[in-house]
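Following: one structure in structure tokens, then a few remarks.
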Number of protein chains: 2
Amino acid sequence: GHIIIVGWNERTRRLIYLFKENNQKPPAIVLVDRTCRSNPLPLTFVHFIKGDPTVDETWQQANIDEAEKIIITADQSLKEVEADYRSTLLTITARGIHTDIPIFTEVLTEQQKNNVQRAGATEVICTNETTSLLIYQEMLGSGHAKTFDYLASVLSTQKLHLQSISKKWEGHTILELTHQLQKEGKLLLGLVREEERIINPDPNEKIQAGDQGIYMD
Amino acid sequence: GHIIIVGWNERTRRLIYLFKENNQKPPAIVLVDRTCRSNPLPLTFVHFIKGDPTVDETWQQANIDEAEKIIITADQSLKEVEADYRSTLLTITARGIHTDIPIFTEVLTEQQKNNVQRAGATEVICTNETTSLLIYQEMLGSGHAKTFDYLASVLSTQKLHLQSISKKWEGHTILELTHQLQKEGKLLLGLVREEERIINPDPNEKIQAGDQGIYMD
Ligand SMILES: [Ca+2]
Ligand SMILES: [Ca+2]
């Protein structure tokens, strides 16, 4: 199956290059945009469709029935709230045509998160939320702390996982578990315990039944 | 000194609330925007100036001489490249008036990174770069891997640091160093070695002279 990406912008450009750089054989990508005149990318695995994704025909042209995933990005030419209205509309359209395809929708404003979820998005990606946290961290930094750059390094070289912690670890400390996991090349960042996320927990904290580990490898 | 933030958008809204939520006494903020009619935020520590930051008078009004930091955000109403041209212009203007104030400038496109640096930005913040990496990770995720949410948790609860590793650790392994640091509540994410960043290094890797640690606490 191919991946349908809606919206041409700097984020989708980079996203497509990430697929290229990280795969010997990148997945087929159908890029849908209503303003670009022609395929903005000289890449053979990218097929371009100029069309309006609020109408069913565009999705049929993009062969939604055989697609694997859909990514809907925020329309940069609109104001933030209006971009979110549009993303909601596009999500409803795609969801109406295909009931169970994973749809990842980018949302710019906090208030529209719920609507995009209601429209049928599988994952709502609140990019401004993470971005403002990054800027905040960068500002607090001493000038040596290049939070953006470090996170980019983390994200481009590591995968983040969530996994149940084996029963045998119950009662043992975070310190012990981290040490053991690291021998296997896994770096434990934190726990998910009863829906709550605990990043960099106290080393003496004891593992409880039901704890899950967030780690990278 | 106060903080000057240029541009009203969802990122600056969240950024200002981060200052509010994380400080008993938040720093004074001067928000400069050319389109907003009046102060968009009902917060006493935020002073609003409606004005064009390509002219010196606006910066004088914002009392740049006594400011501590400047944040210039991308203008959402412009296309990405044009938003970057504008950010370059604003950076040049601010740098021309104040030679040594830290200026953090958001850049949307890769090509304009250098120009913003040349214009005098202290830190260039490439938000689209990090965002596309996040979306990429999210897409690869099994659906359990909520990369965005985890990173938001990391960023909102932890600080990232870079620090030289004490000489006594030379020749010891990453596994040993991680274990010791964790006892002090510090989680070692990786190394900076000869300009190169190594995230989640091999546990048996030996510490070398000059290595610096990237850790959170
Ligand atoms: Ca930086
Ligand atoms: Ca998510």
Side-chain angles (χ1 to χ4, degrees), chain A residues 9-11 14-15 18-19 69 71 76-77 79-80 102 104 106 108-109 123 125-140 143-145 147-148 150-162 175 178-179 182-183 185 187 189-190 197 199-200 202-203 214 216-217, chain B residues 9-11 14-15 18-19 69 71 76-77 79-80 102 104 106 108-109 123 125-140 143-145 147-148 150-162 175 178-179 182-183 185 187 189-190 197 199-200 202-203 214 216-217:
Chain A
N9 51 56
E10 183 71 12
R11 290 185 306 297
R14 283 169 184 273
L15 188 60
L18 284 169
F19 278 110
K69 276 173 189 169
I71 306 170
Q76 292 289 128
S77 72
K79 286 193 180 174
E80 289 169 318
F104 297 76
E106 182 184 19
L108 298 181
T109 69
E123 281 281 352
I125 303 189
C126 302
T127 51
N128 275 339
E129 199 174 310
T130 323
T131 301
S132 56
L133 274 166
L134 278 165
I135 298 175
Y136 184 70
Q137 280 265 0
E138 188 92 17
M139 293 220 34
L140 293 186
H144 300 288
T147 308
F148 260 77
Y150 296 157
L151 282 183
S153 299
V154 169
L155 291 168
S156 54
T157 63
Q158 307 286 314
K159 281 188 192 159
L160 293 181
H161 300 271
L162 179 68
L175 188 65
T178 307
H179 195 62
Q182 198 176 24
K183 289 181 189 168
L187 186 61
L189 294 179
R197 223 168 280 143
I199 303 295
N200 188 16
D202 186 293
I214 302 169
M216 55 182 172
D217 71 3
Chain B
N9 51 56
E10 183 70 11
R11 292 187 304 299
R14 283 170 184 272
L15 188 60
L18 283 169
F19 278 112
K69 278 173 187 167
I71 306 170
Q76 292 291 126
S77 72
K79 288 192 178 175
E80 289 169 316
F104 297 76
E106 182 184 20
L108 298 181
T109 69
E123 282 281 350
I125 303 188
C126 302
T127 51
N128 274 340
E129 198 174 309
T130 323
T131 301
S132 56
L133 274 166
L134 279 165
I135 298 175
Y136 183 70
Q137 280 264 0
E138 188 91 17
M139 293 220 33
L140 293 186
H144 301 289
T147 308
F148 260 79
Y150 297 158
L151 282 183
S153 299
V154 169
L155 290 168
S156 53
T157 63
Q158 306 287 314
K159 282 190 192 160
L160 293 180
H161 301 270
L162 180 68
L175 188 67
T178 305
H179 194 63
Q182 199 176 23
K183 290 181 188 167
L187 186 61
L189 294 178
R197 224 168 280 144
I199 303 295
N200 188 17
D202 187 292
I214 302 170
M216 53 183 174
D217 69 4

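Computation of the quantities below employed the complete heavy-atom set of this structure, encompassing side-chain atoms and omitting hydrogens, waters and symmetry-equivalent molecules. Chain A is the first sequence line, chain B the second, and so forth, proteins listed ahead of strands; every chain is numbered from 1.
Using a 3.5 Å distance cut-off with no hydrogens or angles, the side chains of A:Arg197 and B:Ser153 do pair a donor with an acceptor.
In terms of the side chain to side chain contact (heavy atoms under 4.5 Å, CB included) criterion, residue partners of A:Thr178 (sequence neighbours excluded) are, by chain and number, A:Ile174, A:Leu188, B:Gln182. Residues passing the side chain to side chain contact (heavy atoms under 4.5 Å, CB included) test with B:Thr109 are A:Glu10, B:Glu80, B:Val81, B:Asp84, B:Gln111, B:Gln112, sequence neighbours excluded.
Between A:Phe19 and B:Tyr136, the angle of the ring planes goes over 60°, which puts this pair in the perpendicular group of the 30/60° scheme.
Contact of the B:Leu18 side chain with the A:Leu133 side chain is registered, since non-hydrogen atoms from C-beta on lie closer than 4.5 Å. Contact of the A:Ile125 side chain with the B:Ile135 side chain is registered, since non-hydrogen atoms from C-beta on lie closer than 4.5 Å. For the pair A:Met216 and B:Ile199, the minimum side-chain heavy-atom distance is below 4.5 Å.
Here A:Pro203 is the residue among A:Ser77, A:Pro203, A:Pro102, A:Gly190 with the most heavy-atom pairs under 4.5 Å with chain B. In terms of heavy-atom pairs under 4.5 Å with chain A, the best-connected choice from B:Glu106, B:Arg14, B:Glu129 is B:Arg14. In terms of heavy-atom pairs under 4.5 Å with chain A, the best-connected choice from B:Thr130, B:Thr127, B:Ile214, B:Leu175 is B:Leu175.
Only the side chain of A:Thr131 comes within contact range of chain B, with heavy atoms under 4.5 Å apart. For B:Ile71, the part sitting under 4.5 Å from any heavy atom of chain A is the side chain, from C-beta outward, and nothing else. Both the backbone and the side chain of A:Leu15 come within contact range of chain B, each with at least one heavy atom under 4.5 Å from a heavy atom of that chain.
In this structure, the separation between NZ on B:Lys79 and CG on A:Asn9 is 12.5 Å, given to the nearest 0.5 Å. Note that CG of B:Leu189 is 9.5 Å distant from CD of A:Gln158, once rounded to the nearest 0.5 Å.
The two atoms that bring A:Val154 and B:Gln137 nearest to each other are O-NE2, 4.4 Å, heavy atoms only.
At least one donor-acceptor pair under 3.5 Å links the side chain of A:Lys69 to the backbone N or O of B:Met139. Side-chain N or O atoms of A:Asn200 include one that pairs as donor or acceptor with a backbone N or O of B:Gly185 at under 3.5 Å.
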